[in-house]
Engineer: 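The structure under discussion is supplied below as structure tokens; questions concerning it will follow.
Lettering follows sequence order; numbering is per chain, from 1.
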There are 2 protein chains.
Amino acid sequence: MQKKIKLIDVAQLAEVSKSTVSQYLNGRFDYMSEKTKERIKLAIQELDYVPNPIARSLKMNTTKTIGVIVRDITGFYTSRTIRGIDDYCKKSNYNVLVYNTDFDSEIEAKSLETLYQLRVDGIIIASSGKNTQLIDKYISNGLPIVHFQLEHDGNEKNIVVSDYRKAAFDATEYLIKLGHKRICFLTQDFQSMKSRKDRYLGYCDALEKHNIGVDKALVQYWHRESGFVQTPKNMLDALNPPTVFFTQHLPITTELLKALNNENISIPDDVSLLAFDEIPMAEYLKVPITVVTQNPYEVGKEATKLLLDNISNNDAPPQKVIIPSAFIKRQSCKDVSN
Amino acid sequence: MQKKIKLIDVAQLAEVSKSTVSQYLNGRFDYMSEKTKERIKLAIQELDYVPNPIARSLKMNTTKTIGVIVRDITGFYTSRTIRGIDDYCKKSNYNVLVYNTDFDSEIEAKSLETLYQLRVDGIIIASSGKNTQLIDKYISNGLPIVHFQLEHDGNEKNIVVSDYRKAAFDATEYLIKLGHKRICFLTQDFQSMKSRKDRYLGYCDALEKHNIGVDKALVQYWHRESGFVQTPKNMLDALNPPTVFFTQHLPITTELLKALNNENISIPDDVSLLAFDEIPMAEYLKVPITVVTQNPYEVGKEATKLLLDNISNNDAPPQKVIIPSAFIKRQSCKDVSN
DNA sequence: CACCGCAACTAAATCGATTTAGTTGATTAA
DNA sequence: TTAATCAACTAAATCGATTTAGTTGCGGTG
């Protein structure tokens with residue numbers, strides 16, 4: 001490895017002390033003559049010197065690195081969120097370390113610990129909600145942490161999320177205006193997950209506004225491990241079946257699509273479909289699916305902005321940022337108002 | 001920020017010198033009594049001590065971090081490759097820094113420089129082929145660099161790629177066996193890109209084997225900025241039109257799908273389609289598309305393995321690793337043999 | 001003309017590890 | 001008995017920056 005130029009080389013060439021070069025590098029020209037400044041500048045150019053970030057980190061106790069914890073970087077939304085984080089960080093001269101948890105809250109805890117040990121300057125996390133204590137400990141140790149996407153009891157302080165409630169409201173109202181009254185809300189367990197519950201509340205808001213009661217039989221669940229609690233076919237065979245499925249997450253949507261496919265149930269003739277979350281290649285599907293889509297890139301960007309604010313200003317006020325979603329009308333919702 | 005425990009705290013508690021603790025940490029027990037070992041172990045446990053990786057980096061001149069340069073982390077394949085890299089790195093206690101170039105070779109150069117300045121231990125890159133000199137300079141400076149996915153003249157030393165030629169051969173032969181003789185090969189400019197040219201060679205191999213001449217009119221181009229040189233409609237309106245499109249990259253496939261859609265040309269009735277590279281949601285498309293798909297996760301894993309080998313063994317022999325692709329038969333290729 | 005104040009620097013300590021070159025005391029060989 | 005050997009440690013230098021507490025020399029003041 002070609003030996004790298006260091007501070008002392010610059011100092012020697014410019015015939016000044018290391019301290020002076022360091023002052024120069026850190027832009028503290030308070031008491032520095034123009035001649036010296038010029039000489040240092042030339043020496044740096046001449047030697048093509050760049051400070052060693054590791055030495056700097058050690059002394060400054062700052063790494064110019066943030067950690068990001070997500071469930072799977074491969075996800076359509078997640079990868080775009082990370083892109084937003086990345087772009088903003090690179091612009092601000094920060095580095096990004098990404099950790100995947102694979103939906104495992106123990107791996108999440110380990111990732112938090114590792115990032116803490118690595119002395120990252122801050123963390124952005126889509127948290128499971130199962131490591132609140134650990135997170136709070138780090139925060140009170142002075143490590144800024146910003147949440148995104150997944151909101152639950154206990155992390156509503158510094159967080160960036162989509163406008164789940166409003167988006168779900170708009171989508172539901174759109175369906176109502178098409179004449180739908182039996183809207184099946186397909187979701188994952190809420191538990192303490194506000195970001196899931198908010199969608200539900202938006203759905204209820206719209207029903208209420210149009211004087212349609214919330215029928216619990218129309219609120220159906222899907223689990224990441226075990227799939228649908230009731231099969232879509234069963235739901236449709238019920239006494240008073242839904243005329244539309246309103247799926248809340250991409251995996252639910254794809255599983256539903258698969259199930260309907262297998263049963264030869266066609267959209268939107270047999271049943272309509274509206275999905276929360278954009279579907280890759282949605283335009284080219286058998287029937288282009290109407291969706292509500294978040295803006296993950298923006299979420300990432302805003303989360304980073306928030307985090308960097310917190311890093312530079314230790315007592316920045318906690319903030320909740322809400323990113324608007326978009327509604328993309330395609331052809332999966334039939335007008336049943338006749 | 002809660003003060004962190006350091007080496008000296010452990011040394012004091014265990015009543016030994018810093019040196020001894022350091023020896024312990026680095027597993028050099030050559031001349032260490034069992035009692036001392038035990039005392040240090042207890043002290044570390046007691047204090048919950050973890051060494052400061054930054055101080056270690058400074059002294060050891062190693063960062064336990066690798067850099068990854070891709071064009072867009074958001075891509076279906078890219079994100080999966082990175083996942084492979086990430087998983088392997090985490091297992092080996094390495095960190096990963098990802099840089100996106102957005103298909104811009106100047107940003108690529110800057111990323112290389114930044115990663116070099118950051119003292120990463122190695123770099124994995126899907127390179128544009130336009131920074132060969134810079135890359136070679138770093139390599140000869142002792143920075144291990146492994147390429148993946150994009151092969152061109154000058155980077156065939158340490159690289160992990162898919163079996164482009166064989167995959168294209170198999171796919172083409174599959175089409176020939178379905179009776180296709182006019183197979184339109186839709187690609188991007190080869191220039192010095194072996195990974196593109198190899199697909200073409202595989203295509204030619206298959207045609208030759210089955211005594212079908214290569215018709216240059218059937219080799220058509222698409223550019224990232226300007227789109228198709230000839231519109232798909234035009235290609236089909238030609239005197240002796242293709243019976244199948246064999247697209248070489250995902251963006252070409254989606255653009256083609258869009259164009260055919262607009263012209264109401266249907267697959268596979270009007271024309272067949274076979275795509276190189278898996279398509280997200282391919283099963284749910286209007287017509288499920290038959291594809292050749294690479295194994296990006298494996299590519300990432302192998303590239304990392306290769307890089308880490310190069311890092312730990314400075315003169316590991318250069319290696320070219322080829323990852324097999326898979327053929328997924330769906331319904332976009334019509335049998336025209338009758 | 002001695003003293004002060006200030007501009008313009010610099011020496012040395014520091015960050016938290018690793019590593020080299022010793023040191024110490026006990027055992028063994030001559 | 002004494003030197004040599006060796007196990008079991010430790011002191012101090014080092015990595016490459018930043019920062020604090022000086023130092024130096026010059027111009028101005030009473």
Engineer: Taking only the side-chain heavy atoms of B:Leu58 (C-beta and beyond), determine which of C:dA17, D:dA11, C:dG16 contains the nearest atom.
Structural biologist: C:dG16
Engineer: I want to verify a distance call: between C:dT18, D:dT18, C:dG16, whose nearest atom is closest to the A:Leu25 side chain?
Structural biologist: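 Output: D:dT18.
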Engineer: What's the NZ-P distance between B:Lys37 and D:dA7, to the nearest Å?
Structural biologist: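 Value for this atom pair: 14 Å.
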Engineer: Using atom CD1 of B:Ile54 as one end and atom P of C:dT18 as the other, report the distance to the nearest whole Å.
Structural biologist: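 Nearest whole value for this atom pair: 14 Å.
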Engineer: Whole-Å distance between D:dA17 P and A:Lys4 NZ?
Structural biologist: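 It is 11 Å, rounded to the nearest whole Å.
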Engineer: Name the nucleic acid region contacted by A:Phe29, choosing base, sugar-phosphate or nothing; use a 4.0 angstrom heavy-atom cut-off, strictly under.
Structural biologist: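 No contact.
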Engineer: Return the 5'-most residue of the pair A:Val50, B:Glu15 with respect to DNA chain D, ranking by each residue's nearest nucleotide.
Structural biologist: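 It is B:Glu15, whose closest nucleotide lies nearer the 5' terminus.
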Engineer: To the nearest Å, give me how far apart CG (B:Leu47) and P (C:dG16) are.
Structural biologist: 15 Å
Engineer: Are A:Tyr24 and C:dA8 close enough that a side-chain N or O sits under 4.0 Å from OP1 or OP2?
Structural biologist: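 Answer no for this pair, as no side-chain N or O of A:Tyr24 is under 4.0 Å from OP1 or OP2.
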Engineer: Would B:Thr20 and B:Ser17 count as a side-chain hydrogen bond (donor to acceptor under 3.5 Å, both in side chains) here? Give the steps.
Structural biologist: CA-CA 5 Å; B:Thr20 307; B:Ser17 72; 3.2 Å; yes
Engineer: B:Leu7 CG to D:dC15 C1': how many Å, rounded?
Structural biologist: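 That distance rounds to 15 Å.
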Engineer: Sugar-phosphate atoms are those with a prime plus P, OP1 and OP2; base atoms are the rest. Using that split, label each nucleotide of nucleotides 19-26 of chain C B, S or - for protein heavy atoms under 4.0 Å, 5' to 3'.
Structural biologist: B-------
Engineer: Could you tell me whether the side chain of B:Leu13 reaches within less than 4.5 Å of the side chain of B:Tyr49, counting heavy atoms only?
Structural biologist: no
Engineer: For the residue pair B:Ser22 and B:Ser19, confirm or rule out a side-chain donor-acceptor distance under 3.5 Å.
Structural biologist: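 No donor-acceptor contact under 3.5 Å links the two side chains.
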Engineer: Should B:Lys110 and B:Asp104 count as an ion pair when the cut-off is N to O under 4.0 Å?
Structural biologist: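 No, B:Lys110 and B:Asp104 are not salt-bridged.
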Engineer: Whole-Å distance between D:dA17 C1' and A:Lys6 NZ?
Structural biologist: 11 Å
Engineer: Do B:His152 and B:Thr132 get their side chains close enough for a donor-acceptor pair, meaning under 3.5 Å?
Structural biologist: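 No, B:Thr132 and B:His152 have no side-chain donor paired with an acceptor closer than 3.5 Å.
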Engineer: Is the phosphate of D:dA8, meaning OP1 or OP2, less than 4.0 Å from a side-chain N or O of B:Tyr31?
Structural biologist: no
Engineer: Ignoring hydrogens and angles, tell me if any N or O in the side chain of B:Asp72 forms a donor-acceptor pair with the backbone of B:Asp102 under 3.5 Å.
Structural biologist: no
Engineer: Rounding to a whole Å, what distance do you find between A:Asn52:CG and D:dC15:P?
Structural biologist: 12 Å
Engineer: Does A:Arg56 have a side-chain nitrogen or oxygen under 4.0 Å from the phosphate oxygens OP1 or OP2 of D:dG16?
Structural biologist: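 False: A:Arg56 side-chain N/O out of range (4.0 Å or more) of D:dG16 OP1/OP2.
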Engineer: Indicate yes or no: does B:Lys305 engage B:Glu302 in a salt bridge with an N to O separation below 4.0 Å.
Structural biologist: yes
Engineer: Nearest whole Å is fine: how far is D:dT10 C1' from B:Met32 CE?
Structural biologist: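 Between C1' of D:dT10 and CE of B:Met32: 12 Å.
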Engineer: Among the nucleotides D:dA11, C:dC9, D:dT18, which one has an atom lying closest to any side-chain atom of A:Thr36?
Structural biologist: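 Within the option list, the nearest is C:dC9.
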